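The structure presented is a predicted model; accordingly, all values stated were derived computationally and were not measured. The chains referred to below are lettered A, B, ... by the order of the sequence lines, with proteins before strands, and numbering in each begins at 1.
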Amino acid sequence: MDPDLLRAQLLAWYDLNARSLPWRVGPADHAAGERADPYRVWLSEVMLQQTTVPHATPYFLAFTDRWPTVSDLAGEADGEVMAAWAGLGYYARARNLLACARAVANDHGGVFPDTEAGLRALPGLGPYTAAAVGAIAFDLATNVVDGNVERVMARLFSVEAPLPDAKPELKRLAAGLVRDHRPGDWAQALMDLGATICRPKSPLCDRCPVAAHCAARASGAPDSYPRRTAKAARPHRHGVAYVLTRGDEVALVRRPPKGLLGGMLALPTSDWRDGRWSDTEALDAAPARAAWQSAGEVEHGFTHFTLTLQILRAEGEAADVIWSPLRDLDGLPSVFLKAARAGLSSLL
DNA sequence: TATCCGTGGGC
DNA sequence: TGCCCAAGGAT
């Protein structure tokens, strides 16, 4: 396999087929001298961590509309940013996003570092994101390796070792294709290929610009790569969520700054444990004395467990809660939005 | 190093 | 329906 021929073929494909994305400077504009805004590249890359383009896109547009520069974002209050992130998931990203914006604003004069090491030192930028911002915003010849690139390498070279053990090998293979020429376009071309052609299931090899180089295709079963080790089953947990209203307001709490849903607004809940909660236990764990009534339950899948929330609903008073308008629940993580809607189904 | 950390869409 | 998966990072 000739790496430089492969590169030329993939870049030519990208020149014709690059997806139009709100944070992207297309290959033609880039060739004409237009440069991507590091703030927008960084923001998009953080939002896209483990998140699909369709899910992240409206958040990207809302953030850049509301906070056009990194200094605007750095000056915002924590709660506003966390609420704007609600629904995107992996909320540590939002906490690190603010920490990073403030580091850039306060320690770097509002300008992103233009080296991979400088980017890597910022909160929330790991090996992937530092390499991606470096390549796309600063034309650094970094090795940008995400899940797409791992899959493309596993197929091109029919890597038999299963993920995640194969990660170092896949990264080495990707590094062998990096050149100083058009590093940002190269990274995005590889990821576009993985997202649209070299898909996890049903890859479109007939349309692949580098199919002639692909060992997995030659094997006849390209979709069997990358190999993966079996995953453990997800456990099931149970909790009680309390929907307490006071007129047209609902009682919320701010979750602790770290851990699951850290820093986010939430419904008051019991602990989450292996077994269901009896009525007596659920009343004992309630945030206030009130005429609690059962309002059904909701189920929600997290990364490592499935949660069933039994819902209790009441009208009343409580101490140490944040009273929030019923019509303004958008700042809640999805699991609590789901539970609140179930508990308030008679009102909403 | 292994585990924790959300969400929604596709099949 | 249940499982897989998506432009990963922090600890």
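Rounded to an integer number of Å, the gap from A:L97 CG to C:dA10 P is 12 Å. Rounded to whole Å, the distance from CG on A:D223 to P on C:dC4 is 15 Å. Between the CG atom of A:L119 and the P atom of C:dG8 there is a distance of 17 Å, rounded to whole Å. Atom NZ of A:K258 is separated from atom P of C:dG9 by 18 Å (rounded to the nearest Å). Spacing between atom CG of A:D146 and atom P of C:dA6 amounts to 9 Å, rounded to whole angstrom units. Computed from coordinates, the A:L48 CG to C:dG9 P distance equals 12 Å when rounded to whole Å.
Using a 4.0 Å cut-off on heavy atoms, the residues of residues 181-196 of chain A that approach DNA chain C are A:M191, listed by number. Against DNA chain C, the stretch residues 127-141 of chain A makes heavy-atom approaches under 4.0 Å through A:P127, A:Y128, A:T129. For the contact set between residues 16-30 of chain A and DNA chain B, defined by any heavy atom under 4.0 Å, there are no members.
Electrostatic pairing of A:R102 and A:D78 counts as a salt bridge here, judged by a charged N lying under 4.0 Å from a carboxylate O. A salt bridge links A:E297 and A:R276; the closest N-O separation between the charged side-chain nitrogens and carboxylate oxygens is under 4.0 Å. The pair A:E249-A:R246 meets the salt-bridge criterion, with a side-chain N (NZ, NE, NH1 or NH2) lying under 4.0 Å from an Asp/Glu carboxylate O.
Two residues are said to be in side-chain contact when any heavy atoms from C-beta on lie closer than 4.5 Å; A:Y14 and A:W186 fail this criterion. By the 4.5 Å heavy-atom criterion applied to side chains, A:P22 and A:L61 are counted as neighbours. For the pair A:L173 and A:L156, the minimum side-chain heavy-atom distance is 4.5 Å or more.
Listed by first and then second residue, the ring pair (Phe, Tyr, Trp, His ring centres under 6.0 Å) pairs involving residues 94-130 of chain A are A:W42-A:F112 (not counting sequence neighbours).
A:T308 and A:H236 share a donor-acceptor pair across their side chains, judged by distance under 3.5 Å alone. Checking A:S158 against A:R155 by side-chain atom types alone, no donor-acceptor pair falls below 3.5 Å. Residues A:T142 and A:E116 have side chains that never bring a donor and an acceptor to within less than 3.5 angstrom of each other.
Remark: A:R228 engages no residue in a salt bridge (Lys or Arg N to Asp or Glu O under 4.0 Å) (not counting sequence neighbours).
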| Tell me, for nucleotides 5-11 of chain B in 5' to 3' order, what letter each nucleotide earns: B for a base near a protein heavy atom under 4.0 Å, S for only sugar-phosphate near one, - for neither? | BBBS---

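Comparing A:R228 and A:E299 by the nucleotide of DNA chain C that holds the closest heavy atom to each, the one mapping nearer the 5' end is A:E299.
Exactly one of A:D37, A:D192, A:D185 qualifies for a salt bridge (charged side-chain N to carboxylate O under 4.0 Å, His left out) with A:R24. That residue is A:D192.
A:P54 comes within contact range of no nucleotide atom at all, as no heavy-atom separation falls under 4.0 Å.
For A:Y59 and A:W85, the ring centers sit 6.0 Å or farther from each other. Outside the 6.0 Å centre-distance limit, the rings of A:H304 and A:F302 are not counted as a close aromatic pair.
Between the P atoms of B:dG8 and C:dG9, the separation comes to 22 Å (whole Å).
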